[in-house]
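Lettering follows sequence order; numbering is per chain, from 1.
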There are 2 protein chains.
Amino acid sequence: MKIHSFKTNESGLNRFFGPLEARIMHILWNGPEMAIKDVQARLAKEQAINFNTVMTVMNRLVDKGVLRKRAEGRVSLFQPTQSLEQFLETQSKELTNDLLEEFGPLVVNHMLDALEEADPALLEQLEQKIQALKKER
Amino acid sequence: MKIHSFKTNESGLNRFFGPLEARIMHILWNGPEMAIKDVQARLAKEQAINFNTVMTVMNRLVDKGVLRKRAEGRVSLFQPTQSLEQFLETQSKELTNDLLEEFGPLVVNHMLDALEEADPALLEQLEQKIQALKKER
DNA sequence: ACCTCACACTACCTATTGTAATGTTCGCAA
DNA sequence: TTGCGAACATTACAATAGGTAGTGTGAGGT
């Protein structure tokens, strides 16, 4: 399984995951390989949460292919299959492709408007990349 | 209500709607204001479908704000609140904004790669738009 | 007065996500 | 040796979204 929906009304990891899933991924991405208990302990700092709840969700994340489970003696250790950077890289690439595929020229227009508003420096970056590409040919 | 998820594993209208919803929107976008019965008739050409099923889904689309319902005597006539062009415009703009907001510079890189593969002509369009923007300032 | 047709209301099914009780297994300690 | 406890597995229930459809209601024409 994989991520197959990008939520437009959320932000950050919540765009790809449910709220609990997102918190779990956040923890695993900002720490070492962990057991369920460890993750639960972290989550419990904010508010009480049942061990089994965490386990179920973590196992679902394994099913989805975003976490890897490894048996270490009697406990299972979990870690993301991709680094956060890789994940964002993959997702943004996929989304960008999808967007172009779906909307083509329409997106090119919005791109610049959005780019300008968001961060004019990105416009520079864009232009330089275009120049670089042209030289290649 | 509004559209709040973009499905990466689908294509076309199915990225924004469920399969039946998408077929209904497709019909309404490619024809005049219609009654449920009319839509059902169109759908039924492909395969039998219950009138009430169509009604329920169409009413949900009204709740979501993508269809407008208007009473004409005893029947209700439906039509999209936006043209397909407007809808795609809105969606692509929103998605583009979201993408930039979420990923910033990361997207700028993918954008060009994707653009080149998809359609090098778009690259030209992009460059020209950048030039135009620079002149403005 | 009643029948029909369009619409409303309600409900059930599947999938996803959050939640958690119950069941199982196995090492270690008494 | 027995049995407790920790970790995992299994199962299930709730909510939401979407597809499906039965039953209820109301108004117009006959």
Side-chain angles (χ1 to χ4, degrees), chain A residues 1-10 13-27 33-44 46-78, chain B residues 1-10 13-27 33-44 46-78:
Chain A
M1 215 190 294
K2 265 288 158 188
I3 307 294
H4 42 253
S5 128
F6 179 76
K7 305 190 185 72
T8 53
N9 55 336
E10 299 285 344
L13 291 179
N14 286 288
R15 294 200 123 114
F16 307 102
F17 301 101
L20 179 54
E21 290 179 327
R23 289 199 291 155
I24 289 173
M25 290 310 294
H26 177 77
I27 290 172
E33 200 179 23
M34 265 182 234
I36 299 170
K37 205 176 54 169
D38 303 324
V39 175
Q40 185 223 358
R42 298 287 187 95
L43 291 169
E46 322 263 316
Q47 47 180 292
I49 183 149
N50 185 284
F51 174 93
N52 287 335
T53 299
V54 181
M55 176 171 60
T56 301
V57 173
M58 285 176 72
N59 279 323
R60 285 177 185 163
L61 287 170
V62 171
D63 292 342
K64 288 188 190 176
V66 295
L67 284 188
R68 190 189 326 284
K69 178 165 35 170
R70 186 171 71 82
E72 175 76 37
R74 0 192 335 76
V75 306
S76 292
L77 296 180
F78 295 75
Chain B
M1 212 191 297
K2 264 287 157 188
I3 306 295
H4 40 254
S5 125
F6 179 75
K7 304 188 187 75
T8 53
N9 55 336
E10 298 285 345
L13 292 179
N14 287 288
R15 294 200 124 112
F16 307 102
F17 301 101
L20 180 54
E21 291 178 327
R23 287 201 290 156
I24 289 173
M25 290 311 293
H26 177 77
I27 289 172
E33 202 180 22
M34 266 182 235
I36 298 170
K37 206 175 54 167
D38 303 324
V39 175
Q40 186 223 357
R42 298 288 187 96
L43 290 169
E46 321 264 316
Q47 46 180 291
I49 183 146
N50 186 285
F51 175 93
N52 285 336
T53 298
V54 181
M55 178 172 57
T56 300
V57 173
M58 285 176 71
N59 279 322
R60 284 177 183 163
L61 288 169
V62 171
D63 292 341
K64 287 190 192 175
V66 295
L67 283 188
R68 189 189 327 283
K69 181 170 24 176
R70 186 172 70 82
E72 173 76 36
R74 9 196 317 82
V75 306
S76 293
L77 296 181
F78 296 74

- Any donor-acceptor pair under 3.5 Å between the side chain of A:Thr56 and the base of C:dA20?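 Side chain to base: pair present.
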When the distance from [atom1] of [X] to [atom2] of [N] is rounded to whole Å, what number comes out?
X	N	atom1	atom2	answer
B:Leu20	C:dT14	CG	P	18 Å
A:Leu77	D:dA7	CG	C1'	12 Å
B:Leu13	D:dG18	CG	P	14 Å
A:Leu43	C:dT17	CG	P	17 Å
A:Asn52	D:dA7	CG	P	12 Å
A:Leu67	D:dC8	CG	P	13 Å
A:Asn9	D:dT16	CG	P	14 Å
A:Ile36	D:dC8	CD1	P	4 Å

- Task: For B:Val75, report the nucleic acid contact type (base, sugar-phosphate, nothing); a contact means any heavy atom under 4.0 Å.
- Result: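 Here B:Val75 touches the backbone only, sparing every base.
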- Query: Going by atom types alone, do B:Lys2 and A:Asn9 pair a side-chain donor with an acceptor below 3.5 Å?
  - Reply: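 No, A:Asn9 and B:Lys2 have no side-chain donor paired with an acceptor closer than 3.5 Å.
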- Main-chain N/O of A:Glu10 paired to A:Arg15 side chain as donor or acceptor, under 3.5 Å: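 Such a contact is found between A:Arg15 side chain and A:Glu10 backbone.
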- Item | Whichever of B:Asn59 and A:Ile49 has its nearest DNA chain C nucleotide further upstream toward 5' |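 The 5'-side residue here is B:Asn59.
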- Message: Measuring only between side-chain heavy atoms, which start at C-beta, is A:Gln40 closer than 4.5 Å to A:Leu43?
- Response: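 No, too far: nothing below the 4.5 Å cut-off.
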- Message: Does any part of the side chain of B:Met34, heavy atoms only, come nearer than 4.5 Å to the side chain of B:Phe78, both counted from C-beta?
- Response: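 In short, these two side chains do not touch, never coming nearer than 4.5 Å.
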Side chain of [X] (C-beta onward), nearest among [options]:
X	options	result
A:Thr53	D:dG22, D:dA7, C:dA20	C:dA20
A:Arg60	D:dG19, C:dT19, D:dA21	C:dT19
B:Arg74	D:dG26, C:dG18, C:dC7	D:dG26
A:Met55	C:dA20, D:dT10, D:dG19	D:dT10
B:Glu21	D:dG18, C:dG18, D:dG22	D:dG18
B:Lys64	D:dG18, C:dG18, C:dG27	D:dG18

- For residues A:Met25 and A:Val66, report the shortest heavy-atom separation together with the two atoms involved.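 Taking every non-hydrogen atom into account, CE-O, 3.8 Å.
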- Any A:Lys69 side-chain nitrogen or oxygen under 4.0 Å from OP1 or OP2 of D:dA9: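 Checking D:dA9 against A:Lys69, a side-chain N or O does come within under 4.0 Å of OP1 or OP2.
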- Task: Ignoring backbone atoms, test whether A:Lys37 places a side-chain nitrogen or oxygen under 4.0 Å from the OP1 or OP2 oxygen of D:dA6.
- Result: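 False: A:Lys37 side-chain N/O out of range (4.0 Å or more) of D:dA6 OP1/OP2.
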